[in-house]
Amino acid sequence: MLSADFVIATAVGYVGLLFVLAYFGDRRARVNTRSFLHSPAVYTLSISVYCTSWTFYGAVGNAARSGLEFLTIYLGPTLVFVGWWFLLRRLVRISHNQRITSVADLLSSRFGKSNRLAVLITCIAVIGIAPYIALQLKAVTSSIQAVAGSSEFGRGSLKGIDDVGLAFGVAAAMALFTILFGTRHVDAKEQHHGVVAAIAFEAVVKLTALVAVGVFVVFVGGGFENIFARAAEAGVTVDATNTFDSRWLTTLALSVAAIVCLPRQFQVTVVENSDENHLRVASWAFPAYMLLMSLFILPIALFGMTTMPAGSNPDMFALTLPMAFGQDALALFAFIGGFSSATSMIILESIALSIMVSNHIVMPLILRFSPVGNGDGQGVTSLLLVARRFSIVLILSLGFFYFFFTRDSDALAPIGLISFTAIAQFFPAVIAALFWRDASLKAATAAIAAGFVFWVWCSFLPSFESVSPQVAMLLDRGPWGISWLRPEAMFGLNGIDPLAHAAFWSLLVNIVTLTLGSLLTSQSALERIQASVFVDVFRRGQSARGNFVRGSATANDLFFVAERVLGERRAAALFETEARDSGVEPDMLEPSPQFIGRLERELAGSIGAASAHVMLSKVVSGSEVSLEEMMQMADETQQVIEYSQQLEKTSAELRSTARQLEDANAQLRELDSQKDEFLSQVSHEVRTPMTSIRSFSEILLDSDDIDVGQRQHFVSTIHQESLRLTKLLDEILDLSALERGERTWDNVPIDAEAALDRALAVCEALLRQRGMKVELGDRAQPTMVEGDADRLCQVFINLISNAVKYNDSDKPVIRIASSVKAGNYVAEIADNGPGIAKRERKLIFEKFWRGPGGVADQGGAGLGLAISRQIVARMNGSLDLVPGPLPGACFRIRLAVMK
C-alpha cells in the first residue's frame, strides 16, 4: 500500500532528477550547439507540454462525462501543426527576425512597438492563466489525496493537512524549482535549453505512464472488445448525443487558438525553436504524440465506470484503477506521469509569463524612472531577474488563490476551458498581425480589451458561483435585475452551453471591433513599417531592416546600454564583430543604422521589442530629440522609402512601355519590308503579261505584211495575257482585302459537303481533260459549318485544280475524302503527283510561291494557296499540308461543326 510520505518523497526525488537534467542540459546546449538537445525530436517533445494534467487525468474524466468531446482538444492542435506551412512557419520566421520573446512581444512589435498593448496582453495572460495553474494544483493535490486515502498509514505526515495546505506546498515547490532554473540568466533569445530538456524528458514519462496504465487496463479487462462489451452490459455507454454541436465547435476553435497563443506554447513552439525546419518534423510527430496520449482514454474511462465503486472520481481513474488491482508500482508510475504533466505546465507557463511581466511591465517602469544613461554600471540584468522571480511567485499565487476559491469544482476540464477562452482573445489580433496590412494598433487594443471584458463577465465570473451567493444571484437575475445582461444569457441568448455562449460573445465582439476599428482608424508611421515587415516577411528575406536613422549616439553610448542589458561579454562580442565586419578598430566604430537595428533586435531578445525600441530611441536620438520626433523621422524615412518604391515602380512601367515600343517598331519595319517585297513581286508579275501585250501589239501596229494566221495568233496571245493580267490583279486585290479585313464577310450556316460536291462538279471537265482518276474515300453526311459557301467552294476548286496542274504522273489520281472528327468537319484532297519537298513545305502558303525553285509555273501567280488559307481562316478553320494516303501532296481543311 502506498503512503503519502512515500509518494511525496518519490515526487521530490523526481524533481531532483529534473534538476540534474536541466542543469546538465543547459551546460551541454551552450557548449555544443549541434547536440541532441537542438534536435527536432527534443523540440517536438517540448511542444507536448500542451498535454497537461488536464490531459492525463481530465481527458479520462471528460470522456466519462461527455463522451468523445475530449478529442476536440487534440483535433485543434493537429489542424494547426498539419497546416504549419501557412501559420506556424510565418510566425517562427517573424519571431526569429524580430527576436520576439512572447505573444505580447509579437503583437506589441507588430502594432507600432506599443508597450500599452503589451501591458494589456500581459495582464490578460496572467489573469487568464490563473485558472489553468489552479487546475494543475488541483490535479496534483487530488492525485496525492487519492494515493493517501483516508487511512492513517496512507496519510503519513499529511495528517492534519487539507487540500489547501497541500496545494500551497505544491505551489511553493513549483515556484522554487522554476526560479532556480527558469531565471538563471537573461538569454539573448530567452531560450532555456536546460528546462526544455527537462520538459522533453517529462513528455516521455507522462506518455509512457499513460500508455502503461492503458495497456494494463486492456490486459485486465480482456481486450478492447471485452471492455466495450462489458460496459454495454453494465449500461455504461459513451455519450455521443451531443457530438458536433456548438460545444464541440467551440472547444475545437479554442484549442486552435490555444496551441498558438498560450504563453507556454508560444514559448516552446516559437521562442525555443532553433531551426525553422524542425516544424516539418513537429507537423506529424506532435499529432502522433497526441494520438498515442488519447489512444487509451476511452478504455480507461469505460473500464473505470464499470469496475470502480459508485461515486468514484473519473478524473483519477488513471491512478485509482491500478491501485484497485493492487498494482502499487504502476500506480506510483501513473502518479509520476500526472505529476510530470502538471509540473511541466506550471514551470514553463510561469517562465513565459514572468518574461512577459518583466519585459512589458517592469522594464518600462525602469526606463521611466531610471534614465538609461545613469546608473551604477551593474546593468539591468539583475533587476530583470529579480522581477521575474517575483513574477513567478505572483503568478503561482494567483493560481493558488483561484484554486482556493474554486476548489469545490467537480471536474478539471471546465477550469481549463476558462483559460482557453481568455487566451483565445489574442488569436484574431495574431492572425491580423500576420496577414492584414491595414490592422491598426487602436483596433487591436480595443478588440482585445473588449473581448477580455466579455470573458470576465461571461466565463470567469460564473466560475465563482459555487463560492459566492452574490455571483449566483447575478447569474440568476442579472445586474440590477436586468435579465438580458445575465452572464450566461447575454442579450437574451438562452439555451446554449455556457462555454459556447462565452466564447461566442467575447470573440464576436473582439473580431467585429478589430475589423471595424482597423477600417476606421489610421496607422502611425512605425505601424506601417512593422506591418510591412510582418506581412511581407518571406518577400523581404531573413533579415528585416532597422527603423533607426543615425543620431547623435556614439559607439560608447550604445555599448553602455548593451552592456547593462546583455552583459559585458556579449556586448563586447557584438561590437567587436561589427567592428571587424566594418574593417575598423573597435574604438573607431561608427554605429550605422543597420548596426543600431541589429542591436535593437538583440536587446529585444532580452527585454522585449517595445522596451528595446524606447531604450535605443533615447540613446540614439540624444536628449535633445524626443520619441515623437524620432517617430516623425521614421515617418519621413518611410515616406522616402515609399516614394522610392513608387519611382521604382514607375521606372519599371516606363521600361516596359519602351520595350513594347521597340517591339512595335520592329514589327512596323518588318511589315514595311514585306510591303516592299510584295510590291516588287506584284511589279514583276504584272510586268510579264504587260510586256507580252505591248510587244505583240507593236508588232501588229508596225508590220503590215503579217498574214491572217499570224495576226490571229498574236491577237489571241494578247487576249490570253490580258485575261491573265486581269486574274492576277483580281487575286492581288482579293488577297489584300482579306488581309486588311476590308472585305465584307458574314459566316452563315452552310453545308460543307455540298460545297465539296459543287467543286467536284465544276472541276469535272478539267479532270476529264487531264485523264485524272478520281477516288472517293469515305464521305461525311451533310455537315453544317459556319462560313461562306461560294468561298469554301472556291477553296476546294483551287486545291483540286492544283492537284491536276502539278500532277505529272502517267496515271494521275486524285483522292477526296471527308469525315467528322471530334466536332470538326475534315476534308482531305490528295494526289499521286511529285508532292512537295520537305524544305518547301513551309513556303507553299507564301504569296507568289509557285513551286520548287520558282520554275514550276503552270500559269498561276502563286496566290491561290495564300488566298485559300485566308478564306478558311475567316471561317475559323485551318488549311494545312499533311501526310496523305497517296505519294503526292495532301491538303486538309478543318472546320468546326455547328452544334
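Quick note: numbers below take in every heavy atom, side chains included, and nothing from hydrogens, waters or symmetry partners.
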Short side-chain to backbone donor-acceptor contact, [X] and [Y], under 3.5 Å:
X    : Y    : value
W455 : I418 : yes
S102 : D105 : yes
S518 : T515 : no
T72  : E69  : yes

Practice prompt. Run through T101, V430, I121 and flag the one making a side chain to side chain contact (heavy atoms under 4.5 Å, CB included) with L106.
Written response: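 By the side chain to side chain contact (heavy atoms under 4.5 Å, CB included) criterion, L106 pairs with just one of T101, V430, I121: V430.
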Worksheet entry | Residue that, paired with I395, satisfies side chain to side chain contact (heavy atoms under 4.5 Å, CB included) out of I351, I133, T178 |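 The option that passes is I133.
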Please round to the nearest 0.5 Å and tell me the distance separating atom [atom1] of [X] and atom [atom2] of [Y].
X    : Y    : atom1 : atom2 : result
L207 : E202 : CG    : CD    : 13.5 Å
M290 : L75  : CE    : CG    : 8.5 Å
T55  : Y74  : OG1   : OH    : 4.0 Å
F452 : I423 : CZ    : CD1   : 10.0 Å
F454 : L507 : CZ    : CG    : 11.5 Å
E349 : Q265 : CD    : CD    : 8.0 Å

With heavy-atom distances below 4.5 Å as the criterion, would you say the side chains of [X] and [Y] are in contact?
X    : Y    : answer
F460 : Y402 : yes
L321 : V213 : no
Y132 : W54  : yes
T250 : T421 : no
T269 : F286 : no
V271 : I100 : no
L417 : I73  : yes

Shortest non-hydrogen separation from [X] to [Y] and the atoms involved:
X    : Y    : answer
A63  : I297 : CB-CG2, 3.8 Å
P462 : W457 : CD-O, 3.6 Å
L514 : A432 : CD2-CB, 3.8 Å

Practice prompt. Please step through side-chain contact (heavy atoms from CB on, under 4.5 Å) for the pair L137 and I346, ending with a clear verdict.
Written response: CA-CA 9 Å; L137 297 177; I346 291 176; 4.2 Å; yes
Item to complete: Evaluate the criterion side-chain contact (heavy atoms from CB on, under 4.5 Å) for residue pair M174 and V170; output intermediate values, then yes/no.
Response: CA-CA 6 Å; M174 289 297 120; V170 173; 4.3 Å; yes
Fill in: Intermediate values then yes/no, ring pair (Phe, Tyr, Trp, His ring centres under 6.0 Å), F435 and F86
CA-CA 10 Å; F435 298 101; F86 301 100; 9.0 Å; no
Practice prompt. List in chain and number order the residues that pass side chain to side chain donor-acceptor pair (under 3.5 Å) with R230, two or more places apart in sequence or in another chain; answer none if no residue qualifies.
Written response: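 With neighbours one apart ignored, the set is empty.
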Discussion item. Show every side-chain hydrogen bond (donor to acceptor under 3.5 Å, both in side chains) that has at least one partner inside residues 473-492, sequence neighbours left out.
Written reply: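 Qualifying pairs, neighbours excluded: R486-N494.
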Worksheet entry | Exercise: do S506 and Q425 side chains pair donor with acceptor under 3.5 Å |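 Yes, because at least one side-chain N or O of S506 sits under 3.5 Å from a partner of the opposite role on Q425.
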Fill in: Heavy-atom neighbours of F390 CZ exceed 12 at 6.0 Å
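It does not: F390 CZ has 12 such atoms or fewer within range.
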Discussion item. So for atom CZ, which belongs to F401, do other residues, nucleotides or ligands contribute more than 12 heavy atoms lying within a distance under 6.0 Å?
Written reply: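 It does not: F401 CZ has 12 such atoms or fewer within range.
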